[in-house]
Number of protein chains: 2
Amino acid sequence: MKKRIRIKDIADKAGVSTGTVDRVLHDRGNVAPDVKSKVLEVAKELGYERNRLASALAYNRTIRVATLLPNPEKDPYWKQTNFGIQKALKAVQHYGLLSEQFYFNLFSPKSFIASARQALEKKPRGILFPPIFSQEAHWLLDQCKEFNIPTVIINTNIKEATPLCYIGQDSYQSGVLGARLLNFGLTSGQTCCILNIDFNTKTAHHLLEKERGFRDYFVGNGNKQVEIIRKDFEGFNDRIQLCSFLKKLIREHHSLHGIFVTTSRTHKVADCLHEITDRKIKIVGFDLIDANLKYLQENKINFLINQNPAEQGFQGIMNLFKHLILKEKIEKIQYLPLDIVVKENAEYYRKRQMTFEIAI
Amino acid sequence: MKKRIRIKDIADKAGVSTGTVDRVLHDRGNVAPDVKSKVLEVAKELGYERNRLASALAYNRTIRVATLLPNPEKDPYWKQTNFGIQKALKAVQHYGLLSEQFYFNLFSPKSFIASARQALEKKPRGILFPPIFSQEAHWLLDQCKEFNIPTVIINTNIKEATPLCYIGQDSYQSGVLGARLLNFGLTSGQTCCILNIDFNTKTAHHLLEKERGFRDYFVGNGNKQVEIIRKDFEGFNDRIQLCSFLKKLIREHHSLHGIFVTTSRTHKVADCLHEITDRKIKIVGFDLIDANLKYLQENKINFLINQNPAEQGFQGIMNLFKHLILKEKIEKIQYLPLDIVVKENAEYYRKRQMTFEIAI
DNA sequence: TAATTTGCCGTGTGTGCGCACGTTTTATAT
DNA sequence: ATATAAAACGTGCGCACACACGGCAAATTA
């Protein structure tokens, strides 16, 4: 049986103390050049591998980070992200990572700035946030760069920025996928609609990417003649307004048989739609929030694409942990899978979301 | 800041030594009843939580287990399972879990028995295996029970048995899901076929369950009139034989427009099919092996259901680890999600399969 | 009654690594 | 040559746990 190499083994063979070996292995300086090279040589020769357990145990101090999220009480999607974050924090808190949470209003760039300022005041050693407001996100990223705070961004990727990492989906590819799922059930001559139910739809990077992917699918797979239209709608909190909007939409487009809802507000569309028409219109949307799952069970939504908000949060914290405490190298872009959810497999994904586990 | 409670804190407050606290917490005996209850009381009062890091570190011994798999060199599916197992072993080996692997011939119950005997001879502290041959699997489970060896079964569940846990999919539900995916692209009056490409299709529990689920979907969702037929085929290693079998099938069933292949040999069907007919026949099959992915990319397979073999192996070892070393309670049935894989999201799942990670 | 066994519990040691804190050696300045 | 600073390096603590060992008292046996 192969015996594990300890730093003491290196120390003995190199004729130094374990402290010196540690200094060399962690580049903490104050080691004579010849001693350093000798230690490295012996470590390589013996095939040293760090015992992460003992390492984490000995690294006996706490590091505080900050998370910046839309208020999870006001939005079921961000509630899931928050859940994943909490799970991860609980898992790593005893290993020295603590976090303070800051929340902002999902529709107010100003409240984002305000919360960000609060977070920065605490001088955290790391920050996690979704760059929902492009301009404000860039400002925060600049601030973090200035103060040398590693940053994890989730949910929406942002160009011309170099955070520690991005964790989320490939928006373009999710658009392509949405197109395939709709196309599978459409026939030639029918129309489908890209529907953005959100604010700021003209500038939101991830929504534009979804649209681009959606359109590209039909260009590349031109076996069917399908017309594509795109609509934006902002007044989604007023059900009557949404109903009349959709009524107008299906009146003007007689061959409309598919809607690709680019946000988690898919349920609002399903809710109105089955009331105002008998036409079989297929719906593909996003996210496993309860309201969506209800309509999925009732076959009023055909497919949901899971953006894995809980895992985004979970992995986000885990990456800060790996970077700050385990000092591992972090992959810059970490795309999460595009889970296709239907009635039959929804329960497993929902359950998985609730039961993140950490191995040790 | 909340301070973590150590066993020393309990010892001090209860007026005993840390050794006694340890004896109580691990039920190692030799503690007077009144002292034991006092210690438990104090532990609860202080809100003690075990430091799993230090615990695992101090628990300084190795436990050997055994895994029993179909030869991964001979089958791409089991190669992935094996990969997941290796990854998990690498992650936990330094924490005291070692494993010896035993392989058998996928088509030979006798070789299964032979390998199982070899494994048992080594007196492992745990066993992991997929119960492919029903009768022989029961024999092994009985043996394990007799010798008191905790057992993890993967891939196929087995009734009337009480292993430590089962990790895999819900076969019935995967049949229902297959039906939905096919149905989404079929129209009334068309025919679809359940195709078992395997040996022992009459008795294989998971294949029968898939068929049952598949049929039940159409009973429950009778909005379309779809005829269902079922075929078995064993000579899948002879391409010419398979081609003529399929030729006959599509000749006899003019309205056949969908095939549900219940095993990972989906690619063999796709391979023959596009050669012998121009008819658009949709294919739904199982598993992300390279051959299947190739046809998925070429749009010759429409959907693949991922059985997550790698994760089955990974979680299987992890559960042995949790049970034997961390002494945690194990959930009896752990269903893995039914991932729906299409061209657009295949890459993410493939990548995830390759990059299992352990947090610490 | 003396001798032995048994139960109960404390003490000490080893396990792994990182780092604060000493101590020693070397280099620079006066 | 001496004082001071700086660099180099060793020591011990933290943490949970298993295990060996030993002491003491009570219970049992010869």
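Here is the naming used below: chain letters follow the sequence lines, and residue numbers restart at 1 for every chain. The structure presented is a predicted model; accordingly, all values stated were derived computationally and were not measured.
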If I take atom [atom1] in residue [X] and atom [atom2] in nucleotide [N], what distance separates them, rounded to the nearest angstrom?
X      : N      : atom1 : atom2 : result
A:D9   : C:dG16 : CG    : P     : 8 Å
A:D12  : D:dG10 : CG    : P     : 11 Å
B:N30  : D:dC21 : CG    : P     : 16 Å
A:I7   : D:dG12 : CD1   : P     : 15 Å
A:D27  : C:dG18 : CG    : C1'   : 15 Å
B:I10  : C:dC9  : CD1   : P     : 16 Å
B:D22  : C:dC8  : CG    : C1'   : 15 Å
A:L324 : C:dG18 : CG    : C1'   : 17 Å

Name the closest nucleotide to the [X] side chain, picking from [options].
X     : options                : answer
A:V35 : D:dA16, C:dC17, D:dC9  : D:dC9
B:Y48 : D:dA18, D:dA16, C:dC17 : D:dA16
B:H26 : D:dC17, C:dG18, C:dC9  : D:dC17

Next on the checklist: Tell me whether the rings of A:F129 and A:F112 are parallel (<30°), tilted (30 to 60°) or perpendicular (>60°).
Outcome noted: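 Because their plane-to-plane angle lies in the 30° to 60° range, the rings of A:F129 and A:F112 count as tilted.
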Checklist entry - Would A:Q353 and A:N308 count as having a side-chain donor-acceptor pair, cut-off 3.5 Å? => result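 Result is no, nothing qualifies.
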Checklist entry - When the nearest nucleotide of DNA chain D is assigned to A:G19 and to A:P33 on a heavy-atom basis, which residue is associated with the more 5' position? => result A:P33
Checklist entry - Between A:T18 and C:dG18, does any side-chain N or O lie under 4.0 Å from OP1 or OP2? => result no
Checklist entry - Closer than 4.0 Å, any side-chain N/O of A:S17 to the OP1 or OP2 of D:dG10? => result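 Checking D:dG10 against A:S17, a side-chain N or O does come within under 4.0 Å of OP1 or OP2.
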Checklist entry - Taking 4.0 angstrom as the limit, do B:K13 and B:D9 come out as a salt bridge? => result no
Item to check | Position toward the 5' end of DNA chain C (nearest nucleotide), A:K8 or A:R23 | outcome: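 Nearest nucleotide further toward 5': that of A:K8.
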Next on the checklist: For B:K145 and B:I149: C-alpha separation, side-chain torsions, deciding distance, then whether side chain to side chain contact (heavy atoms under 4.5 Å, CB included) applies.
Outcome noted: CA-CA 6 Å; B:K145 201 164 213 171; B:I149 304 172; over 6 Å; no
Next on the checklist: Using side-chain heavy atoms (C-beta onward) and a distance below 4.5 Å, is B:F102 in contact with B:K122?
Outcome noted: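 When only atoms from C-beta onward are counted, B:K122 and B:F102 do touch, with a gap below 4.5 Å.
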